[in-house]
**Q** 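Before I ask anything, let me first share the structure, which is written out below as structure tokens.
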Amino acid sequence: MELKQYQIILVNLEPTIGSEIKKTRPCVIISPDEMNKYLQTVVIAPMTSQSKNYPTRIEVKHNKKKGWVVVDQLRTIDKQRILKVLDKLTAKETLKLKLSIKEAFVD
């Protein structure tokens, strides 16, 4: 399975601890293609269908539904957790995500 940055993938996030996002859910690949090609892990941002208006939540449309990419819950996962590739972000959604990551993690 070829994995590309900003693809939406279905991921089994269990088991989790504490306040980590749970369940099998769509996630966005954040790690660059060079890492995705050679490593057995990828960096993802989970998605949710329920969100408050936080600056680290990026609204996207996937599967004809509104959802949010949860930038404050980035995590590295093994590729074995990935069930399938679903979709990809639009150019506009990708730009909003990049700006949110920059604001949250780059000073």
**Q** Check the side chains of Asn36 and Ser31 for a donor-acceptor pair under 3.5 angstrom, ignoring hydrogens and angles.
**A** yes
**Q** Taking atom CZ of Arg81 and atom CG of Leu13, what is their separation to the nearest 0.5 Å?
**A**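 One gets 6.5 Å once the value is rounded to the nearest 0.5 Å.
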**Q** Give me the atom names and distance for the closest heavy-atom approach of Pro55 to Glu103.
**A**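 Closest approach of Pro55 to Glu103: CB-OE2, 4.3 Å.
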**Q** Is it the case that the side chain of Asn63 and the backbone of Lys65 share a donor-acceptor pair, with hydrogens and angles ignored and the cut-off at 3.5 Å?
**A** no
**Q** For Val70, does its backbone N or O pair with a side-chain atom of Gln73 as donor and acceptor, under 3.5 Å?
**A**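 It does not hold such a pair.
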**Q** Look at the side chain of Lys22 and the backbone N and O of Gly18, then say whether any donor-acceptor pair between them is shorter than 3.5 Å.
**A** yes
**Q** How long is the straight-line distance from NZ of Lys96 back to NZ of Lys98, given to the nearest 0.5 Å?
**A** 14.5 Å
**Q** Tell me whether Ile77 shares a hydrophobic cluster with Met1, the cluster being built from Ile, Leu, Val, Met, Phe, Trp, Tyr side chains joined at under 4.5 Å.
**A**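 Yes, one cluster joins them.
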**Q** Taking all non-hydrogen atoms of both residues, which atom of Cys27 and which atom of Pro46 are closest, and how far apart?
**A**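 Closest approach of Cys27 to Pro46, heavy atoms only: SG-CA, 3.6 Å.
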**Q** Would you indicate whether the side-chain heavy atoms of Thr90 and Thr94 approach each other to under 4.5 Å?
**A**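 Not in contact.
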**Q** Would Glu2 and Lys4 pass as an ion pair if we require N to O under 4.0 Å?
**A** yes
**Q** Is there a side chain to side chain contact (heavy atoms under 4.5 Å, CB included) between Lys61 and Glu93 once you walk through the steps?
**A** CA-CA 9 Å; Lys61 191 166 190 176; Glu93 292 167 341; 4.2 Å; yes
**Q** Is the count of non-hydrogen atoms from other residues, nucleotides or ligands lying under 6.0 Å from Asp78 atom CG greater than 12?
**A**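 Buried by this count: over 12 neighbours within 6.0 Å.
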**Q** Looking at CZ of Arg25 and OG of Ser49, how far apart are the two atoms once the value is rounded to the nearest 0.5 Å?
**A**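 The OG atom of Ser49 is 7.5 Å from CZ of Arg25, to the nearest 0.5 Å.
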**Q** Quick one: pull up CD in Gln7 and CD1 in Ile29 and give me the separation to the nearest 0.5 Å.
**A**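 So the CD of Gln7 and the CD1 of Ile29 are separated by 5.0 Å.
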**Q** So, taking the atom named CD1 in Ile44 and the one named CD1 in Ile21, what distance separates them when rounded to the nearest 0.5 Å?
**A**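 Answer rounded to 0.5 Å: 8.5 Å.
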**Q** What are the two closest heavy atoms between Leu3 and Asp33, and how far apart are they?
**A**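 Looks like O-OD1, 4.2 Å.
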**Q** Could you verify whether a donor N or O on one side chain and an acceptor N or O on the other, from Glu14 and Asn12, lie under 3.5 Å apart?
**A** no
**Q** Find the distance between CG (Asp72) and OG1 (Thr56) and round it off to the nearest 0.5 Å.
**A**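 That separation rounds to 3.5 Å.
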**Q** Taking the hydrophobic residues Ile, Leu, Val, Met, Phe, Trp and Tyr, and joining any pair whose side-chain heavy atoms are under 4.5 Å apart, which ones share a cluster with Leu10?
**A** Tyr6, Ile8, Val28, Ile30, Val43, Met47, Ile58, Val60, Val69, Val71, Leu74, Leu83, Leu86, Leu89, Leu97, Ile101, Phe105
